[in-house]
J.: 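Got a structure here, written out as structure tokens. Questions coming.
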Amino acid sequence: MSVVMPAATEPTATAGKVARRGYWKRLPLKAKVGAAILAFFILVAIIGPSIAPFNPSYQNPSLNASLEGPNAVHLLGTTQSGQDVFSQLLSGIRLTMVLALIVGAAASFLSVVVGVTAAFLGGLWDEVLSLFTNVVLVLPSLPLLVVFLGYLPQSGQTPTIVVLSALSWPWGARVIRAQTLAIRNRDFVAASRETGERSWRVVMFDIVPNEISLIAANFVNTVLYAIGASVALAFIGVADLNSWSLGTMLYWAQSQDALHLGAWWWFVPPGLAVALMGTGLGLLNFGIDELGNPRLRDASTARRFGLRWRPGEPTPVATGPRAGRRLPDRAPAAMRSAAPMPPAVEEGAR
Amino acid sequence: MRYIARRLFFYAVAAFVALTVNFFIPRAIPGNAVEAIMSKYPNLQPGAEKALEAMLGVGHPGSIWHQYWQYLGDVVHFNFGTDLIQFPAKVSTILAAALPWTIVLVGVSTVIAFFLGTALGILAGWRNGGWSDNSLAPLMFLQSLPYFFLALVLIDVFAIKLGWLPAGQGFDGSVTTPGWSLSFISNAAQHAILPALTIVVTNVAGWMLTMRNVMITTVSEDYVLAAQAKGLANRRVVITYAARNAILPQLSGFANALGFVVSGAIVMEIVFAYPGIGQWLINAVSSNDYPLMQAIFLVITFAVLLANLLVDLVYIAVDPRARTRSTR
């Protein structure tokens, strides 16, 4: 439990950055909703286990305490062995969250290292690292995870964290490599090199800071993935089943036949929690995307921001009241001239 | 041709990596793996030790490279050794029985989800604003549902509460026997509705969201405006000008998505007690049936690689640039 605090404060730090004045205001509603959902779950992860009414593993010996529906004592009912579902949920959210955040941080780090190295060194290094990245990306991860974890002893969360981190970096590495390729030849990097800066300084102070938003988006994505994967793995039973995570809750519910006993309160809360966490992260990511690519903004956001004149853009064309109906109206010049996004060119384009 | 050759080379490397990983993982366990496993499971059948030794190459003469070479030969001949739990049974027999269930289920529902999601994404991207924006959050929610959780809910509602559809299994053994008979196929199809629905519902959102985003970007390109200015019918502009270009990233995202779908589907199979390969994988893991576990990993990986290769060929057919690049 000692690892809990530093990891759990991490997203709060990001949230704090987002909350910088102006930036927050410009954030699309979607992203705000997503951030709010996440903040709620982070709060639960931090204080949850301390306000839990019961020990999640405590089995109430009395017979009428088993498989109770939601009531005043057990807010979300009890399991077949008389354990309090609400307390399990609170502990489960913490463990799942912490696990996903650690995996997110570790995998993001790997993504940056591989992506930047490939693009910065170029040549053969790039060929080899890109090939490796694409290979790991195309292999179906869950069977691979299962095979790895099947051989490891299931005690503690370390095997899950290590194997998940080791398999979830390639997507980010690809994105970051592409971005580094674009930045590498910019003037400020060239200037930095001309003045005799060492390579690692160029990378650390010129390239990586310019990719922070990309890295953040990638972090959010990886956390999302880690939640799904860790829950699925625990559901199969390849996890430490003595600990309470959302996945192990679902594992016990399934293996003790909650479905056929009609105990919906046993499996619906953890499943909903996973889905809500995913929704929050997804919305946040979508919002971040929109900040970077104004054309993705929906009609209402676009109306608020699309017409604001910014230096370097042609005079905006006012949209009529029927904006959003027909094409030329819907895509005012100001929006069309926004940084064109090149079509995603895949393998072999080089 | 050069493009195809490049892709073939890539998949060959990926397959090689999968094979090698599969070979070395069990050998990386410290100590005597056979004894460790045998002592962990004293109730394993007597022949199991032999099967394990054969798989791990214990007592085999020759270096590890020799074993590796032999292993590659075995894989080429679909010889995955003997199963530990169903002892005398060959792993390849079990695979042959389970594979069609998963391929048909996952294949059909992935294709449905892809086309449905892409079509919805085209619509949502074309008519950006209004309903399509309001549906973003619910879609995000659907997409975040773990497959197996949605499966639980669907069973609870449609099979247990309403009793419309069967709650699990691939077919009803008391009504029909497997074969090419009409009664079996309709029975199996009935059992496949809920599993397929699970895959489609959780996947449609993903395809739709990515298609919408690319579509929005594409729709504001000049050539789409030009097509409209020429007075072409809206339908033609949407499909041949905007959607055809917007669909390319969708296709290249297939590699990533497919692995994800397959992963979700194999977990979902336990909930439905579906007789496919996922069910066997999970059984193999929980009973430490290593030969079966590894064979399933290989089969799933190869299926995914093959599907990706097919998508690449479609990509060439749809994107003229891929063709011209190769004639360069």
Side-chain angles (χ1 to χ4, degrees), chain A residues 30 33 131 134-135 137-144 146-148 150-151 171 224 228-229 231-232 235-238 250 254 259-260 262 264 267-268 270-271 274-279 281-283 286 289 293 295-296 298-300 323-324 327-328 330-331 335-336 341 343-344 346-349, chain B residues 3 6-7 10 13-14 17-18 21-22 25-26 29 128-130 133 136-137 140-141 143-146 148-149 152-153 155-156 160 213 216-217 219-220 224-225 228 245 248-249 252 255-256 259 262-264 266-267 270-271 281-282 285-286 288 293-294 296-297 300-301 304-305 308 322 325:
Chain A
K30 287 196 253 332
V33 173
L131 183 67
N134 286 325
V135 165
L137 193 66
V138 80
L139 297 179
S141 58
L142 196 95
L144 197 56
V146 167
V147 171
F148 271 123
Y151 283 105
W171 187 247
L224 185 63
V231 168
F235 181 71
I236 304 174
V238 263
L250 286 161
Q254 163 77 7
L259 193 58
H260 293 102
W264 56 267
F267 63 85
V268 169
V274 173
L276 276 175
M277 280 155 98
T279 314
L281 287 163
L283 286 174
F286 219 72
D289 259 8
N293 184 357
R295 285 191 277 201
L296 292 181
D298 58 46
S300 59
L327 180 71
R330 186 152 33 79
M335 287 175 71
R336 261 189 284 126
M341 199 175 83
E346 288 300 302
E347 270 306 274
Chain B
Y3 179 72
R6 263 192 87 113
R7 297 311 294 166
F10 169 69
V13 172
V17 169
V21 164
N22 199 37
I25 292 176
I29 323 172
N128 183 18
D133 290 333
L136 276 180
M140 217 56 110
F141 180 75
Q143 197 191 6
S144 313
L145 285 172
F148 56 86
F149 174 67
L152 285 170
V153 174
I155 294 178
D156 193 33
I160 296 178
N213 283 1
I216 289 176
T217 318
V219 153
S220 50
V224 176
L225 192 62
Q228 281 218 319
N245 283 293
L248 295 176
S252 50
N256 204 23
V262 170
S263 303
I266 58 182
V267 181
I270 354 174
V271 181
L281 177 64
I282 279 80
V285 169
S286 54
N288 288 42
M293 184 164 106
Q294 293 193 285
I296 291 180
F297 163 69
I300 294 177
T301 306
V304 167
L305 292 182
N308 273 311
R325 261 206 304 273

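FYI, side chains are in, hydrogens and waters are out, and symmetry mates aren't considered; it's all heavy atoms of this structure. Each chain gets a letter, A, B and so on, in the order its sequence line appears, and its residues count up from 1. The structure displayed is predicted, hence computed values, not measured ones.
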J.: Given that the side chain runs from C-beta out, which part of A:Leu283 has a heavy atom under 4.5 Å from chain B: side chain, backbone, both or neither?
T.: both
J.: Non-hydrogen atoms of chain A under 4.5 Å away: do they reach the side chain of B:Val267, the backbone, both or neither?
T.: both
J.: Mind listing the closest non-hydrogen atom pair of A:Val135 and B:Ala14 along with its distance?
T.: CG1-CA, 3.8 Å
J.: Tell me every residue that passes side-chain hydrogen bond (donor to acceptor under 3.5 Å, both in side chains) with B:Asp156, counting only those two or more places apart in sequence or in another chain.
T.: B:Lys161
J.: Hey, does B:Phe149 have a side-chain heavy atom less than 4.5 Å from the side chain of A:Val274?
T.: no
J.: Hey, what's the ring geometry for B:Phe148 with A:Phe235, parallel, tilted or perpendicular (30° and 60° as the breaks)?
T.: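 Aromatic pair B:Phe148/A:Phe235 classed parallel.
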J.: Just how far is it from atom CD1 of A:Ile236 to atom CG of B:Leu281, taken to the nearest 0.5 Å?
T.: 6.5 Å
J.: Do you know the tightest heavy-atom contact between B:Ile266 and A:Pro143?
T.: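 It is CD1-CG, 4.0 Å.
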J.: Can you name the residues that form a side-chain contact (heavy atoms from CB on, under 4.5 Å) with B:Ile155, not counting sequence neighbours?
T.: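 If we apply the side-chain contact (heavy atoms from CB on, under 4.5 Å) test to B:Ile155, skipping adjacent residues, the hits are A:Leu259, B:Ala159, B:Ile160, B:Ala167, B:Val271, B:Phe272.
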J.: Tell me, side chain or backbone of A:Leu281 under 4.5 Å from chain B's heavy atoms, or both, or neither?
T.: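 No part of A:Leu281 comes within 4.5 Å of chain B.
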J.: With only heavy atoms counted, which part of B:Leu152 is less than 4.5 Å from chain A, the side chain, the backbone, both or neither?
T.: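 Looking at B:Leu152, backbone and side chain both touch chain A.
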J.: If you measure from CG on A:Leu144 to CZ on B:Phe297, what distance do you get to the nearest 0.5 Å?
T.: 4.5 Å
